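Take a look at the structure set out below.
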Amino acid sequence: MSNVPVAVVTGSNKGIGFAIVQALCKQFQGDVYLTARDPGRGQEAVAKLQGEGLRALFHQLDIDDLQSIRSFRDFLKEKYGGLNVLVNNAGIAFKVHDTAPFAVQAEVTLKTNFFGTRNVCTELLPLVKPYGKVVNVSSMVSCSALRGCSQELQQKFRSDTITEDELVELMTKFVEDTKKGVHGKEGWPNTAYGVSKIGVTVLSRIQARMLNEKRKGDHILLNACCPGWVRTDMAGPKATKSPEEGAETPVYLALLPSDADGPHGQFVSEKIVRAW
Ligand code: NAP
């Protein structure tokens, strides 16, 4: 088994994830895994980095596929006995003008952004080594979507005692409410992406709390963040930041020094802790 530190970035064949891998290849002392659901696109991205003189390793990972997550988990366990840095970056967003029914957009978006990210966490968090860092890429949109929720929902999402099961129940209810056409009446905002990212931010707060309760001595720091508005296939060419600039906050959180005791359980943008 290798003792080399290892960093993993999900959905990193392009966009912000690719830029995070690029930065980690330069700054992280250890093996950096570029992962992608499609091996062809992943290998191509690794080759692109190689062309820049950077060495990333590749492993297939589709966060929608539990089997893919578990085979990656087993690989990390066997080869490294765990991992040191996990960046949950993979995500999707329907375009504003997409004509797919809202209920379909809700189900598909939540499946990847919330349930897929949660499944990765369920399988990989127990493997994160002491002094490890976990970064869940959320979005500022989670904050505006939260403000668009009913007072009752806002209170639940801001609660310091909400459990992961309760959060899963709420995210499932959102999808069901959209199917019944009652999501507005039930206090949800009109954004599937926004609700999925509320899920990611709240999940991060819960996971940080669980680490405090169950693994306090391990000094693991876990946060949610927003990369900013970034020129990628998701956000388009009009966005204000380059992918490299978008990677800055996630990379800062992934490389917090080992003597740092925070941020932890926070929502961070521009390297600043924001109120939730
Ligand atoms: P992007 O260019 O569309 O890249 C998304 C990446 O996620 C791609 O590599 C994609 O792979 C991957 N992915 C999607 N579904 C996946 C799955 N099931 N399993 C594994 N990988 C999957 O988007 P981006 O702008 O870089 O976004 C990265 C993250 O930042 C997302 O979580 C996004 O919500 C967040 N974010 C972006 C912005 C922005 O302005 N761009 C702002 C706030 C937050 P394929 O190539 O196979 O599709």
Side-chain angles (χ1 to χ4, degrees), residues 8-23 33-46 48-49 56 58-73 86-96 98 105 107-121 123-124 134-145 191-201 203-204 223-251 253-254 267-270 274:
V8 168
V9 185
T10 69
S12 46
N13 52 290
K14 68 176 185 180
I16 298 163
F18 179 80
I20 294 172
V21 167
Q22 199 173 33
Y33 276 85
L34 183 154
T35 66
R37 54 180 161 184
D38 181 85
R41 289 198 285 273
Q43 298 285 10
E44 216 173 288
V46 167
K48 193 173 160 197
L49 290 172
F58 174 72
H59 202 286
Q60 194 273 346
L61 178 62
D62 181 345
I63 73 164
D64 288 346
D65 176 358
L66 202 49
Q67 245 183 322
S68 165
I69 298 172
R70 287 184 174 155
S71 73
F72 186 43
R73 174 202 63 190
L86 171 62
V87 183
N88 281 303
N89 163 81
I92 59 157
F94 281 81
K95 299 287 178 223
V96 181
D98 198 294
Q105 298 199 18
E107 182 155 43
V108 172
T109 308
L110 273 277
K111 182 181 179 194
T112 301
N113 294 6
F114 177 72
F115 291 103
T117 300
R118 172 176 180 253
N119 286 341
V120 172
C121 289
E123 301 301 331
L124 295 190
V134 181
V135 185
N136 295 330
V137 180
S138 182
S139 169
M140 272 301 198
V141 175
S142 69
C143 305
S144 50
T191 158
Y193 180 78
V195 171
S196 77
K197 293 299 190 181
I198 289 178
V200 173
T201 303
L203 181 68
S204 309
N223 293 286
C225 72
C226 178
W229 190 31
V230 186
R231 290 186 294 279
T232 62
D233 288 347
M234 182 183 286
K238 289 192 189 139
T240 47
K241 285 187 180 185
S242 66
E244 292 71 26
E245 289 166 332
E248 279 175 22
T249 292
V251 169
L253 293 170
F267 177 75
V268 180
S269 80
E270 307 299 332
R274 309 288 173 174

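One-based numbering, in listed order, for ligands and for the atoms of each. Just so it is clear, the model here is predicted, and its values are computed rather than measured. Residue numbers run from 1 in the order of the sequence given.
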- prompt: Which ligand 1 atoms does D233 reach within 4.0 Å, using its non-hydrogen atoms?
  reply: 2 (O)

Check: I16 N/O within less than 3.5 Å of ligand 1 N/O: yes

message: G17 versus ligand 1: do any nitrogen or oxygen atoms come within less than 3.5 Å of each other?
response: no

Ligand 1 to T232 polar contact by distance, N or O atoms, under 3.5 Å: yes

- prompt: Can any side-chain N or O of K238 pair as donor or acceptor with the backbone N or O of R231 at less than 3.5 Å?
  reply: no

query: Mind checking whether W229 has an N or O less than 3.5 Å away from an N or O of ligand 1?
result: no

- prompt: Does P243 have a non-hydrogen atom less than 4.0 Å from ligand 1?
  reply: no

message: Yes or no: does T10 have any heavy atom under 4.0 Å from an atom of ligand 1?
response: no

Non-hydrogen side-chain atoms of V8 and F72 separated by less than 4.5 Å: yes

query: Does P227 reach ligand 1, in the sense of a heavy atom lying below 4.0 Å from it?
result: yes

query: With no hydrogens and no angle check, is any side-chain donor or acceptor of K197 less than 3.5 Å from a backbone partner on C143?
result: no

- request: Looking only at protein heavy atoms, identify the closest one to atom 38 (C) of ligand 1 and say how far it is in Å.
  value: G228 O, 3.7 Å

task: Tell me, please: is Y193 in heavy-atom contact with ligand 1, that is, under 4.0 Å?
output: yes

task: Could you list which atoms of ligand 1 come closer than 4.0 Å to a heavy atom of S139?
output: 43 (C), 44 (C)

message: Please confirm whether K197 approaches ligand 1 to less than 4.0 Å, judged on its heavy atoms.
response: yes

- request: Using distance alone, decide if ligand 1 has a nitrogen or oxygen within less than 3.5 Å of any nitrogen or oxygen in T112.
  value: no

- request: Check whether any N or O atom of G15, backbone or side chain, sits under 3.5 Å from an N or O atom of ligand 1, and answer yes or no.
  value: no

field: A19 near ligand 1 by a heavy-atom separation under 4.0 Å
entry: no

query: What is the nearest protein non-hydrogen atom to atom 18 (N) of ligand 1, stated with its residue, atom name and distance?
result: D62 OD1, 3.0 Å

task: Give the minimum heavy-atom separation between E123 and R73, together with the two atoms involved.
output: OE1-NH1, 2.6 Å

- prompt: Polar-atom distance check: I63 versus ligand 1, any N or O pair below 3.5 Å?
  reply: yes

- prompt: Quick one: does D38 get within less than 4.0 Å of ligand 1, heavy atoms only?
  reply: no

